[in-house]
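Keep in mind that this is a model prediction, so the values were computed, not measured.
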Amino acid sequence: MVNSIFGGTGTSIFESMSRLAAEVGAINLGQGFPEGLEPDVVIQAAIRALQDGPHQYPPMMGVPALRQAVAENTRRFLGLAVDWEREVLVTSGATEGLTDAFLGLLQPGDEVILFEPAYDSYATIIRRAGAIPVAVRLAPPDWRLPEDRLTAAITPRTKAIVINTPMNPIGKIFDDEELRVLADCLLEHDLVAISDEVYEHLVFDGRRHRTLFALPEVRDRVVRIGSAGKTFSVTGWKVGYVTADARLLAPIARAHQFITFATPPALQTAVAFGLRLDDSYFATLKTDLQSRRDLLVTGLREAGFDVTDVPATYFAIAAIRDLDKDHDDFAFCQRLTREAGVTAVPVSSFYGARDVKTHIRFCFAKQPGTLEEAISRLASWRAWNSRKAAS
């Protein structure tokens, strides 16, 4: 009566934890949406576009101004030339872009390598496309690419590798050496890479975003996916973009044609305006988020949480081995929500087997006052637990 893939999939962990946070009045640092970072000039550009129109179907591939702006932004920040007419597609969010890529490029029975912890939609949509996700795990504390396990996972049925860099939930940036390993795999085994790069502009401490798309020998094998929601802190707009060689982009565009066909033109116009903002906007975004990261990470550490460094994204993860005697990160996050009044997300939800229960994820893209209150609550909770254990 129902599709076995979607019928067997429950409510996402992000929605579940957000509901619990609302139910008990907790500060929600679980779901990854930002607060107070939306650039007013981009909002105003959307208002003007709504007032001016048009309001009918835009071109299926996307409004030319936005496709041009995506190409210009790629040249400005990565030094890479992109043909906006043949190599850029606008989608209704990055998740739709990922879905288009999976449906457009995969055949039933193909195998697709995912690096865990992985964004939860990857495996579900790959399965719905008839393909088979194959997990390769990255291990804490350094989360390095395990070359031996990657090589062992490749079979004659392997078609693609999904890479998320910067990486949700762990904030990892794949470095040049790791990208070289991946590029060699693409060439040796005739594979494509679907590269989720939605956090490309959210990298800190003077680091630079790196992409497989920048390696000339594999450029025609890489599908690069970006997100206006992350770059402009407007996650509800659902505007994404796919950049790829025309040979790869053609079937992806056909999938898009039959899924959403088009994305609201006013939002596309506003995002085009935003992508052409001065470099100072992108620098200020990094600075603002970096200061919020520092606020949360320092506060968590002072409260007794074991938090690793965070080079990118919205997220900080904390190891909870010493705090969670039950070894159940989901139950721990529920308890934290109810007892401390602060919501995090269990990192086990980013593993297909749900068996890695040692870390939880906090989102720091919130107002500083919100973060300060969350830190205060967590510190009080830790002190209360210490007194309870000692009594």
- request: Can you establish whether the number of heavy atoms outside Glu116 located under 6.0 Å from its atom CD is more than 12?
  value: yes
Those residues at least two apart in sequence (or on a different chain) that pass side-chain contact (heavy atoms from CB on, under 4.5 Å) with Pro64 are Pro59, Gln68, Trp84
Less than 4.5 Å apart, side chain to side chain, heavy atoms only: is that true for Lys230 and His201? no
Verify same cluster id: Leu179, Val136 (apolar side-chain graph, 4.5 Å) = yes
* Asked: Do Asn168 and Thr313 have side-chain atoms, one donor and one acceptor, less than 3.5 Å apart?
  -> no
Exercise for review: Mark yes when over 12 heavy atoms from residues, nucleotides or ligands other than Arg86 sit less than 6.0 Å from its CZ; otherwise mark no.
Suggested key: no
Centroid-to-centroid, Tyr57 to Phe261, below 6.0 Å?
yes
Between Gln31 and Ser18, is there a side-chain donor-acceptor contact under 3.5 Å, judged purely by atom types and distance? yes
Is any side-chain heavy atom of Thr337 closer than 4.5 Å to a side-chain heavy atom of Met17?
yes
Quick note, salt bridge (charged side-chain N to carboxylate O under 4.0 Å, His left out) partners involving residues 202-225, not counting sequence neighbours, are Glu87-Arg219, Asp176-Arg210, Arg180-Glu217, Asp190-Arg221, Glu197-Arg224, Glu200-Arg224, Asp205-Arg207, Asp205-Arg293
side-chain contact (heavy atoms from CB on, under 4.5 Å) filter on Glu177, not counting sequence neighbours, yields Arg144, Asp175
**Message:** Over 60° means perpendicular and under 30° means parallel, so tell me whether Phe174 and Phe115 are parallel, tilted or perpendicular.
**Reply:** tilted
Item to complete: Please determine if Arg19 and Glu23 form a salt bridge, counting it only when a charged side-chain N lies under 4.0 Å from a carboxylate O.
Response: no
Heavy atoms of other groups near Arg149 CZ, more than 12 under 6.0 Å: yes
Under a single-linkage definition using a 4.5 Å side-chain heavy-atom cutoff for Ile, Leu, Val, Met, Phe, Trp and Tyr, are Ile161 and Tyr122 assigned to the same hydrophobic cluster? no
Checklist line | Ile154 vs Cys185 side-chain heavy atoms within contact, under 4.5 Å | finding: yes
From the list Phe330, Phe350, Trp143, ring pair (Phe, Tyr, Trp, His ring centres under 6.0 Å) with His359 holds only for Trp143
message: If the threshold is 4.0 Å, N to carboxylate O, is there a salt bridge linking Glu111 and Lys159?
response: no
- Task: Ignoring hydrogens and angles, state whether a donor on the side chain of Asn164 or Tyr199 is under 3.5 Å from an acceptor on the partner side chain.
- Result: no
Face-on cation placement of Arg361 at Phe315 ring, 6.0 Å and 45° thresholds: yes
**OP:** Find out whether Val70 and Thr243 are in side-chain contact, i.e. whether some heavy atom of one side chain is under 4.5 Å from a heavy atom of the other.
**Re:** yes
Please say whether more than 12 non-hydrogen atoms of neighbouring residues, nucleotides or ligands are located less than 6.0 Å from CZ in Arg76.
-> yes
- prompt: Among the clusters formed by ILVMFWY side chains lying less than 4.5 Å apart, do Phe33 and Phe362 turn up in the same one?
  reply: no
### Task
Would you check if Leu138 and Pro146 make a side-chain contact, meaning some heavy-atom pair closer than 4.5 Å?
yes
query = Do the non-hydrogen side-chain atoms of Trp237 and Val42 ever get within less than 4.5 Å of each other?
reply = yes
For Val203, the hydrophobic cluster (side chain heavy atoms closer than 4.5 Å, chained through members) also holds Ile173
Asp120 meets the side-chain contact (heavy atoms from CB on, under 4.5 Å) criterion, sequence neighbours left out, with Ser12, Phe14
For Lys366, is there any backbone N or O sitting under 3.5 Å from a side-chain donor or acceptor partner on Thr370? no
Next item on the list: Decide yes or no for Asn3 and Phe6: does some side-chain heavy atom of the first lie under 4.5 Å from some side-chain heavy atom of the second?
Entry: yes
CG (Asn385) and CZ (Arg335) are apart, to the nearest 0.5 Å, by 6.0 Å
Practice task
Check whether any side-chain heavy atom of Phe364 sits under 4.5 Å from a side-chain heavy atom of Leu29, and report yes or no.
Solution key: no
With sequence neighbours left out, the residues meeting side-chain hydrogen bond (donor to acceptor under 3.5 Å, both in side chains) with Tyr351 are none
Between Asp110 and Gln107 (side chain of the first, backbone of the second, donor and acceptor by atom type, cut-off under 3.5 Å), is there such a pair?
yes
Inspect the surroundings of CG in Asp148 and state if more than 12 heavy atoms from other residues, nucleotides or ligands are less than 6.0 Å away.
-> yes
When hydrophobic residues are tied together by side-chain contacts of less than 4.5 Å, even through go-betweens, does Tyr241 share a cluster with Leu89? no
